[in-house]
Amino acid sequence: MPGLTTRQRGRIHPMNPRVVAMPSATPLSETSPLDAAAFRAAMRSVPGTVSIVTTGRAPNRHGLTLTAGCSLSAAPPSVLVCVNRSAGAHDTILSSRSFCWNILGVEHRDLALKFSGQDGSKGDIRFGDGLWCDLKTGAPSLVGAVCSFDCRVVNAYSDSSHTIFTGEVVAQTTRAGCESLVYIDGCFAAPKAV
C-alpha cells in the first residue's frame, strides 16, 4: 500500500510467506474499556439472520435461537456458529460433535421466540412445535426451514462467554422462494430488496 511503512502494513512471516504478521498495537491494558451497554446498543443496528441451532437426539435434544452464525468456506462446505457456554445446547454440541444450523423464514417467528426461552421452556420440550427430522448426524433439522445445514463439529474455540463452533456441512436442505427472518433494533423483520 503506497504511503505506509513496512511497520504499518505488517511484515511477511519469515517461516511462511503466506502469513502476514500484524503490526504492533497499543496493549489492551493501556486502553480504556468499552462500555458494554454502548456496545450492545450499537449492535442492535446490525441486522442478523435468525436461526435455530439444534443438537442431540430425543429425548435429549437441545436448541437455541441465535443470530451469530455464518458461512465459513465452500471447500469443504463449512459454517460457524457462536453459542453461549451457559446455553443448554452447548455441552451437547461438544459431546455429540454435531449440530444443525436451521435458517428461519418469516413464518417461524413464534418458533424463534420459543427457542430463545421466552416462554421458559428448555430442552426437548421446545421441539413440541414445528416438524423435525434427522438428516445425517442426528441433530434435529427443521422441516420447512429456509435452509438447514447438518454439521459435524471440526473445531471449538472458547472466547469470552461463548464457544465458536466450526462445522463441516455433511447434509443440507434448501427451500426456494421464501423470506428469511432477520433481527434488528430489538425486533424481528423481513429484508426488502432495494
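Just so you know, these numbers use all the heavy atoms, side chains as well, and skip hydrogens, waters and symmetry mates. If you're wondering where the values come from, they're calculated on a predicted model, not measured in any experiment.
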Within the side chain of [X], is there an N or O that forms a donor-acceptor pair under 3.5 Å with the backbone of [Y]?
{"X": "S141", "Y": "L135", "result": "no"}
{"X": "N155", "Y": "T166", "result": "no"}
{"X": "R126", "Y": "G63", "result": "yes"}
{"X": "S160", "Y": "H162", "result": "no"}
{"X": "N102", "Y": "L142", "result": "yes"}

Can you see which heavy atom on [X] is nearest to which on [Y], and at what distance?
{"X": "E107", "Y": "G144", "value": "OE2-O, 4.0 Å"}
{"X": "D150", "Y": "A139", "value": "OD1-CB, 4.0 Å"}
{"X": "S116", "Y": "T65", "value": "N-OG1, 3.3 Å"}
{"X": "C82", "Y": "L66", "value": "O-CD2, 3.5 Å"}
{"X": "H62", "Y": "A89", "value": "CB-CA, 3.6 Å"}
{"X": "A145", "Y": "H108", "value": "CA-CE1, 4.0 Å"}

Under a single-linkage definition using a 4.5 Å side-chain heavy-atom cutoff for Ile, Leu, Val, Met, Phe, Trp and Tyr, are [X] and [Y] assigned to the same hydrophobic cluster?
{"X": "V53", "Y": "F115", "value": "no"}
{"X": "M43", "Y": "L34", "value": "yes"}
{"X": "Y183", "Y": "L181", "value": "yes"}

Would I93 and T163 satisfy side chain to side chain contact (heavy atoms under 4.5 Å, CB included), going step by step from the backbone distance to the final call? CA-CA 10 Å; I93 294 172; T163 297; over 6 Å; no
Go through the steps for C151 and V79 under the test side chain to side chain contact (heavy atoms under 4.5 Å, CB included), then give the verdict. CA-CA 8 Å; C151 300; V79 301; 3.6 Å; yes
Is the ring centre of F165 less than 6.0 Å from the ring centre of H90? yes
Would you check, one step at a time, whether the test side chain to side chain contact (heavy atoms under 4.5 Å, CB included) holds for D129 with D110? CA-CA 9 Å; D129 292 344; D110 291 342; over 6 Å; no
Any non-hydrogen side-chain atom of [X] less than 4.5 Å from a side-chain atom of [Y]?
{"X": "T92", "Y": "N60", "value": "no"}
{"X": "F149", "Y": "I103", "value": "yes"}
{"X": "C147", "Y": "Q172", "value": "no"}
{"X": "V83", "Y": "V81", "value": "yes"}
{"X": "V169", "Y": "W101", "value": "no"}

[atom1]-[atom2] distance between [X] and [Y], expressed to the nearest 0.5 angstrom:
{"X": "S78", "Y": "E168", "atom1": "OG", "atom2": "CD", "answer": "5.5 Å"}
{"X": "T55", "Y": "L94", "atom1": "OG1", "atom2": "CG", "answer": "9.0 Å"}
{"X": "F127", "Y": "L111", "atom1": "CZ", "atom2": "CG", "answer": "9.0 Å"}
{"X": "D124", "Y": "R57", "atom1": "CG", "atom2": "CZ", "answer": "13.0 Å"}

Taking it one step at a time, do D119 and L113 satisfy side chain to side chain contact (heavy atoms under 4.5 Å, CB included)? CA-CA 8 Å; D119 65 354; L113 288 170; over 6 Å; no
Do other residues, nucleotides or ligands put more than 12 heavy atoms under 6.0 Å from I125 CD1? no
Taking the six-membered ring of F188 as reference, does the cationic atom of R109 (NZ for Lys, CZ for Arg) lie under 6.0 Å from its centre and within 45° of its axis? no
